[in-house]
*Asks:* 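Could you have a look at this structure, given as structure tokens, before my questions?
Below, chain A is the first sequence line, B the second, and so on; all start at residue 1. Basis for what follows: all heavy atoms, side chains included, without hydrogens, waters or symmetry-related copies.
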There are 2 protein chains.
Amino acid sequence: MNIGDVSKRCGLPPKTIRYYEDIGLITPQRDTNGYRAFDLGDMHKLAFLGRARALGFTIEDCRTLLALWEDQDRASADVRAIAKDHLTRIETKIADLQEMRDTLATLVRDCAGDQRPDCPILKTLESSGPAQADAAGNRGA
Amino acid sequence: MNIGDVSKRCGLPPKTIRYYEDIGLITPQRDTNGYRAFDLGDMHKLAFLGRARALGFTIEDCRTLLALWEDQDRASADVRAIAKDHLTRIETKIADLQEMRDTLATLVRDCAGDQRPDCPILKTLESSGPAQADAAGNRGA
DNA sequence: ATGGGGCTTCCATCAACTGGAAGGTCAAGA
DNA sequence: TCTTGACCTTCCAGTTGATGGAAGCCCCAT
């Protein structure tokens with residue numbers, strides 16, 4: 001299978017597939033012409049990666065999960081630990097976003113949104129306690 | 001005021017403040033020794049930026065908001081439009097994350113997490129519909 | 001042989017910083 | 001006066017996870 005076929009089958013763009021090879025998540029064979037020659041194993045790995053990414057796992061998580069998947073002697077505890085950590089991260093993120101949303105919703109509700117310059121949104125940004133401490137925690141997200 | 005003072009006062013790291021100057025959000029004066037010399041105006045802008053960023057506005061949103069803030073003849077409608085768009089983006093993101101969370105929570109709940117290799121998490125990643133279409137929408141977030 | 005797709009590599013770009021190196025400046029203490 | 005240490009400066013690189021685009025093969029059909 002060429003990269004285009006695999007792409008269609010697993011739903012990942014060719015660029016992404018090449019990138020995954022680049023960072024060592026897959027290692028497809030090569031044809032004599034230099035084209036990547038994917039087998040079913042590669043395909044399944046890519047599909048696995050696509051699903052894991054869709055669940056928000058980081059690439060490094062994916063790398064570990066893939067290794068565990070391949071390891072017949074794995075302990076499900078290891079898999080579960082990764083998923084649980086990730087779940088926690090997601091829940092934190094949701095909470096942060098909900099806080100933002102609540103604040104923003106209030107501001108948007110209270111803003112007339114007309115021709116006049118008076119604006120509670122700007123007023124809040126102008127002064128409402130210390131600016132720091134990124135409530136979003138999305139600096140590194 | 002030197003950068004360290006401003007940093008303490010507005011809660012943004014010096015690196016971030018320098019970066020904001022770099023991308024033209026602020027333009028502090030310089031002392032004869034080359035040190036940045038911040039006035040209260042700069043300070044307030046930085047505090048404004050810190051709060052806007054904490055609410056999750058992008059840098060470009062911040063740039064616009066800052067300009068509107070400075071413009072006494074602004075229409076609050078313009079501010080409100082930016083905030084409303086941002087609110088929508090956040091709500092979409094929350095919904096995406098909640099979907100991930102629900103799926104993950106189920107998987108974590110159903111995984112024994114012991115020494116045995118059987119694992120519903122891996123089983124799901126192995127095969128559960130097409131991989132594509134990143135439900136998280138966090139490719140460009 | 002030529003045209004159009006598909007494939008290859010490599011380099012740049014996105015957001016929003018952050019880390020670190022190499023070096024100048026300043027105030028306080030011995 | 002010298003030194004020490006905390007500041008400050010600039011510049012370059014790296015982070016995450018791709019994506020866009022250029023330049024150039026390859027292959028098949030007409």
*Asks:* If each of B:G34 and A:I59 is mapped to the nucleotide of DNA chain D with the nearest heavy atom, which maps nearer the 5' terminus, i.e. the 5' end?
*Replies:* B:G34
*Asks:* Any Lys/Arg nitrogen of A:K45 or A:E70 sitting under 4.0 Å from an Asp/Glu carboxylate oxygen of the other?
*Replies:* yes
*Asks:* Pick the nucleotide of DNA chain C nearest each of B:T32 and B:T58; which residue has the one closer to the 5' end?
*Replies:* B:T58
*Asks:* How close or far is atom P of D:dC7 from atom CE of B:M1, stated in whole angstroms?
*Replies:* 17 Å
*Asks:* Please give, in whole Å, the distance from D:dT15 P to B:K15 NZ?
*Replies:* 15 Å
*Asks:* For the pair made of CG in B:L12 and C1' in C:dT18, what is the distance, rounded to whole Å?
*Replies:* 14 Å
*Asks:* Would you mind reading off the distance between A:E21 atom CD and C:dC10 atom C1', rounded to a whole angstrom?
*Replies:* 14 Å
*Asks:* Using whole Å, report how far CZ of A:F38 lies from P of C:dG6.
*Replies:* 15 Å
*Asks:* Would you call the rings of B:W69 and B:F48 parallel, tilted or perpendicular, taking 30° and 60° as the class edges?
*Replies:* parallel
*Asks:* At less than 4.0 Å, is any side-chain N or O atom of A:Y20 found next to OP1 or OP2 of D:dA18? Yes or no.
*Replies:* yes
*Asks:* By nearest atom, which of the nucleotides D:dC8, C:dA16, D:dT19 is closest to the A:Y19 side chain?
*Replies:* D:dT19
*Asks:* State whether A:T16 places a side-chain N or O below 4.0 Å from either non-bridging phosphate oxygen (OP1 or OP2) of D:dT19.
*Replies:* yes
*Asks:* Counting only heavy atoms from other residues, nucleotides and ligands, does the tally under 6.0 Å from CZ of B:R63 exceed 12?
*Replies:* yes
*Asks:* Ignoring backbone atoms, establish whether B:R18 has a side-chain N or O less than 4.0 Å from OP1 or OP2 of D:dT10.
*Replies:* no
*Asks:* Could you tell me how far apart A:I26 (CD1) and D:dA18 (P) are, to the nearest whole angstrom?
*Replies:* 12 Å
*Asks:* The side chain of B:I3 is closest to which nucleotide in this list: D:dC8, D:dA18, D:dT19?
*Replies:* D:dC8
*Asks:* Could you tell me whether the phosphate oxygens of C:dC26, OP1 or OP2, come under 4.0 Å of any side-chain nitrogen or oxygen in B:N33?
*Replies:* yes
*Asks:* Please state how far atom CG in A:D31 lies from atom P in C:dT8, giving the value in whole angstrom units.
*Replies:* 9 Å
*Asks:* Base, sugar-phosphate, or nothing: which does B:I23 touch, judged by heavy atoms less than 4.0 Å apart?
*Replies:* nothing
*Asks:* Taking atom C1' of D:dC27 as reference, at what distance in whole Å does atom OH of A:Y35 sit?
*Replies:* 6 Å
*Asks:* Sub-3.5 Å donor-acceptor pair from the side chain of B:T124 to the main-chain atoms of B:P120, do we have one?
*Replies:* yes
*Asks:* Does OP1 or OP2 of D:dA18 have a side-chain N or O of A:R53 closer than 4.0 Å?
*Replies:* yes
*Asks:* Tell me whether the OP1 or OP2 atom of C:dT25 has a side-chain N or O from B:R30 closer than 4.0 Å.
*Replies:* no
*Asks:* Quick test of your reading of the model: are A:K93 and A:E99 salt-bridged, counting only N-O distances below 4.0 Å?
*Replies:* no
*Asks:* Using a 4.0 Å heavy-atom cut-off across all strands, classify B:R36 as base, sugar-phosphate, or nothing.
*Replies:* sugar-phosphate
